[in-house]
Structures are given as structure tokens and as C-alpha cells.
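Every heavy atom of this structure was used, including side-chain atoms; hydrogens, water molecules and symmetry mates were not. Lettering of chains follows the sequences in order, A, B, ..., and the numbering in each one begins at 1.
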Number of protein chains: 2
Amino acid sequence: MTDSPTKPMTAEDVALDLERAIHEHRLIPGSKLGEDEIGEVYGVSRTVVRAALQALAHRRLVELKRNRGAFVAQPTVREAREVFEARALLEPRTARSAAVRMTDEDIVALQAHIDAEHAALHAGDNGRALYLSGQFHIEVARIADQSTIEAFITELIARSSLIIALYWQRRAALCESNAHHALMTAFAARDGDRAEELMKSHLLDLVSSLDLSSKASQPQSLREALKASG
Amino acid sequence: MTDSPTKPMTAEDVALDLERAIHEHRLIPGSKLGEDEIGEVYGVSRTVVRAALQALAHRRLVELKRNRGAFVAQPTVREAREVFEARALLEPRTARSAAVRMTDEDIVALQAHIDAEHAALHAGDNGRALYLSGQFHIEVARIADQSTIEAFITELIARSSLIIALYWQRRAALCESNAHHALMTAFAARDGDRAEELMKSHLLDLVSSLDLSSKASQPQSLREALKASG
DNA sequence: TGCAACAAGATCGTATACAATCTCGTGTAC
DNA sequence: GTACACGAGATTGTATACGATCTTGTTGCA
């Protein structure tokens with residue numbers, strides 16, 4: 001069972017797996033992503049690993065340093081602010097559209113999503129809970145039926161996961177679930193105005209739960225902490 | 001002068017060159033982008049060409065068909081609407097921020113941009129005029145000092161160029177320059193409200209200058225025109 | 001004559017090999 | 001003892017080779 005004859009993975013498969021690992025905080029910002037190492041894990045050559053890393057780099061999830069290798073990205077305080085400003089521009093309006101277009105099936109699916117989120121939280125699997133929490137926002141964008149904006153939001157969600165890993169100050173553990181639940185009531189009522197307003201304040205709450213005080217714990221990666229002070 | 005000893009280009013160089021060619025309509029939607037052919041043109045191997053094509057594919061500028069090759073993307077009517085809806089969400093607010101942050105140097109640079117746009121138009125170089133017209137929007141985003149949103153807008157501008165190539169219905173030739181000039185007056189006055197409103201209506205004008213009547217000239221690529229009717 | 005199966009050519013997908021660059025330990029000079 | 005320089009090892013950047021898949025022209029059969 002150690003080296004079973006699995007069929008080879010494609011570059012997209014590797015990228016998706018790495019992305020989820022990052023999203024679930026099994027890979028923390030600053031982690032080195034060696035090409036040989038990853039290739040050995042997934043049983044593919046460096047060619048496909050490189051394609052996967054380039055795809056993730058384009059979405060700002062990993063940083064490619066020439067002749068140095070790939071590392072899980074470490075968003076700066078500035079980038080963190082930018083990501084949430086972009087979300088503030090995109091998501092409230094998208095939530096409004098979603099509320100209007102929402103079908104009964106969509107509501108069932110969304111509620112199931114929230115339930116899974118709660119279950120993961122109760123099981124102590126914070127990584128998965130965080131992942132599902134992000135997927136909720138992506139689901140909303142999908143329901144809004146705007147695939148271009150959905151792609152942007154998907155990228156912003158993934159980057160938000162990195163930001164949370166770096167700047168989260170543990171206050172209340174599950175403030176998010178409440179916000180998502182409140183959004184559900186607006187969706188169920190097809191109340192676009194309320195959905196937009198709730199999403200807006202939800203994002204503001206998220207930002208205020210971060211410590212973006214400039215001198216926050218940014219480095220995270222070995223010697224670069226010292227190199228940066230020079 | 002045919003095969004001079006130029007230094008090898010990197011994948012990013014190739015991607016930038018291809019992107020500009022697409023932006024200036026020297027490569028039209030649906031064009032086949034063979035790996036060997038491009039590699040020979042730029043004097044690099046398929047490895048770097050593939051990296052460039054993958055980068056462009058991630059930005060929806062080219063479409064990658066498995067075992068078929070890369071083609072300049074052909075946005076559908078639906079995608080065209082989505083792109084301009086995303087721009088409507090991002091650009092007006094960005095123009096407002098830009099107006100507030102605008103420095104005198106920024107204004108000079110923007111004005112030079114518009115002048116170059118006019119010059120290209122007078123010289124009959126419509127491709128370059130279109131390219132500069134897009135760069136104006138990107139410049140505004142840069143001045144707003146929001147690099148994340150700037151990246152999104154940059155992608156949307158590039159896709160807009162493809163959309164214009166497919167769906168533009170020739171009415172007035174230079175309605176854009178006027179809109180950009182009007183924006184400049186708002187910028188010069190640091191009038192955020194007016195900049196936001198002008199950008200909003202500018203984007204609406206752009207959409208209304210397109211023919212997105214569903215049965216518009218979409219196919220453009222040989223047999224797929226017939227295959228789609230089956 | 002029309003259709004289908006087959007084969008040759010071309011193009012892409014992946015793996016591997018080699019070159020370039022960086023890291024880091026070691027040695028030597030001051 | 002410290003600082004600089006050199007070199008071995010490791011890792012990435014690029015090119016090339018080979019296999020898989022698709023296109024397309026040809027041939028044989030109904």
C-alpha cells in the first residue's frame with residue numbers, strides 16, 4: 001500500500017492538491033516547495049511540477065524566486081489590505097446578485113456547506129473548517145452566475161487563507177459561522193439589499209479580526225527575518 | 001540582420017510579446033499558436049514557449065486544448081458581458097481613488113498617454129491606439145495604488161481587446177478619446193465623485209458600442225462555425 | 001459513389017539530460 | 001580570530017528525445 005500503481009497525475013491535479021494543502025494550512029507561508037521533492041510525492045517528473053507551481057504562482061499563492069525555487073507566498077500587510085479591499089469591491093454586489101438568482105437547490109447546497117463547516121469545527125479540524133468557510137464565498141459567486149468574477153474571488157479567497165495564517169489574532173473562534181448563517185437568511189428571503197449589506201459587514205469583521213499593525217509577525221521564514229532588518 | 005546573435009528570451013518576455021501582439025490585433029481571436037513555430041520565431045525551445053502559453057492561458061488570453069494546441073481566445077457573448085460587468089465593479093471606484101491620490105506627475109504622464117493615443121490614431125495605427133487606450137485604464141489603476149486590483153483590471157483590459165476584435169461595430173471611430181479627456185479634467189480637479197461617475201458611463205458607452213446580440217459574429221474559426229450549429 | 005477503416009504525418013504531453021546559478025562549508029591570508 | 005575567497009554539492013533553467021494523441025489523406029468495401 002505504499003507505492004500502489006496509481007495513474008499519473010496531471011499538472012492541474014498537482015496544483016489543486018497543493019492549493020488545498022495551502023488552504024488548509026498544512027503548508028504554511030514561507031515553506032520551500034522543492035521540485036524534486038514534490039515530484040517524488042506525486043510520482044511525476046519535474047516538468048509537470050513546474051507547470052503546477054507556475055499556475056499557483058500566477059495566482060499569487062506561491063512565489064517563484066529565480067534560481068532559488070518556489071515558496072508558499074507570504075503576503076505583506078499591504079497585500080493583505082489590498083486583498084480585502086478587492087473583496088469589498090466584488091463580493092457585496094455579487095452576494096446581491098446571488099440572492100436574486102438563488103434557487104431552492106442552491107439554498108439546500110449552501111446550507112449543507114454551512115453544516116459541514118460546523119461539523120469540521122466541532123471535530124477540531126480547523127484547517128478543513130477554514131477551507132469550507134472559503135468555499136462558501138466561492139459558492140455564492142457561482143450562484144451569482146458570474147464566472148469571471150468568481151475566478152477573481154476564488155483567487156482572493158485563497159490569498160485570504162494565507163493572510164489568515166499570517167495575521168490572524170485568535171479572538172472568538174467561530175464568528176464566521178454566524179455571519180454565514182445570517183447571510184443564509186437573507187438568501188432564503190431573496191433579499192438582495194440585505195445580502196449585500198451583510199456581506200459588506202462580514203468582510204469588515206474579517207479585516208478587523210486581523211492584526212495588520214505593520215509590525216505584525218511578518219517574516220516567518222528562517223533567516224529572511226534577519227536579512228530583512230539589514 | 002536576419003538571425004543576429006540576440007540573447008535568449010525568457011518565458012515572460014515571450015508572453016509579453018505575444019500579449020502585445022494580441023492586444024494590437026496583429027493576432028486575431030482563433031489564431032493557432034503552434035509551439036514549434038513560436039519557438040523558432042523567438043529562438044527558444046518549446047519549454048519556454050509552453051510556459052509563456054500557460055501564463056497567457058491563465059489570463060484567458062489564449063485557450064489551451066489538450067493535444068490540439070494553443071489558440072488566441074475567442075470570448076463568447078456571455079464572457080464579454082461578464083468582463084464588462086467586472087470592470088463596472090472595479091474601475092469606477094478605482095478611478096475615484098486615483099483622483100484623490102493623483103499627483104502632478106501622474107497628470108503629466110496620463111496626459112502624455114492621451115497625446116500618444118491621439119498621435120497613433122492620426123497615424124492610422126489603430127492597433128497601437130487601441131493598445132494605448134487600454135494602457136490608460138491600467139495607468140489609472142496604478143495611480144490608485146492598488147496593485148491587486150490593478151492586476152485584475154490588466155487582465156480585463158486584455159480580454160476587452162479580444163472582445164473588441166470580435167464584437168466591435170464601427171460607429172464613431174474616436175469616441176474613446178473624448179471620454180478619456182473628460183476623465184482627465186476630473187483627475188486634474190481631484191474630483192473623486194466625478195471621476196467615478198465618468199468612468200462608469202465610459203464603460204457603459206463601451207458596452208453599447210459592441211454588438212452582443214447573441215447571434216453576433218462569434219465563430220471566426222473555420223469549421224467550428226459549422227460544428228456549433230449541429 | 002459514398003462511407004468507413006487504416007496509415008502517415010504532425011503536434012502536443014512528459015520524461016530525462018545537461019548547463020547555469022546559488023548555497024554553504026572549508027581553507028587560507030591577514 | 002576574523003574575513004575573504006574558493007570549491008563541492010544541490011537546485012533550478014533550458015533543451016532535447018521519446019511516446020501519446022489527433023489530424024488527414026488514402027484505400028478498400030458495400
Contacts of E63(B) that satisfy side chain to side chain donor-acceptor pair (under 3.5 Å) - sequence neighbours left out: none
Smallest separation among heavy atoms of L121(B) and A129(B), with atom names: CD1-CB, 3.5 Å
Nearest heavy-atom neighbours spanning E19(A) and L56(A): CB-CD2, 4.1 Å
Starting at [atom1] of [X] and ending at [atom2] of [N], how long is that distance when rounded to a whole Å?
X      : N       : atom1 : atom2 : answer
I38(A) : dT11(D) : CD1   : P     : 13 Å
E40(B) : dA15(D) : CD    : C1'   : 15 Å
F71(B) : dC22(D) : CZ    : C1'   : 11 Å

For E155(A), all residues meeting side chain to side chain contact (heavy atoms under 4.5 Å, CB included), sequence neighbours excluded: R59(A), R60(A), R159(A), F152(B)
Protein proximity profile, nucleotides 7-14 of chain C - base contact B, sugar-phosphate-only contact S, no contact -, cut-off 4.0 Å on heavy atoms: ----SBBB
Gap separating the CD1 atom of I22(B) from the CG atom of D17(B), nearest 0.5 angstrom: 10.5 Å
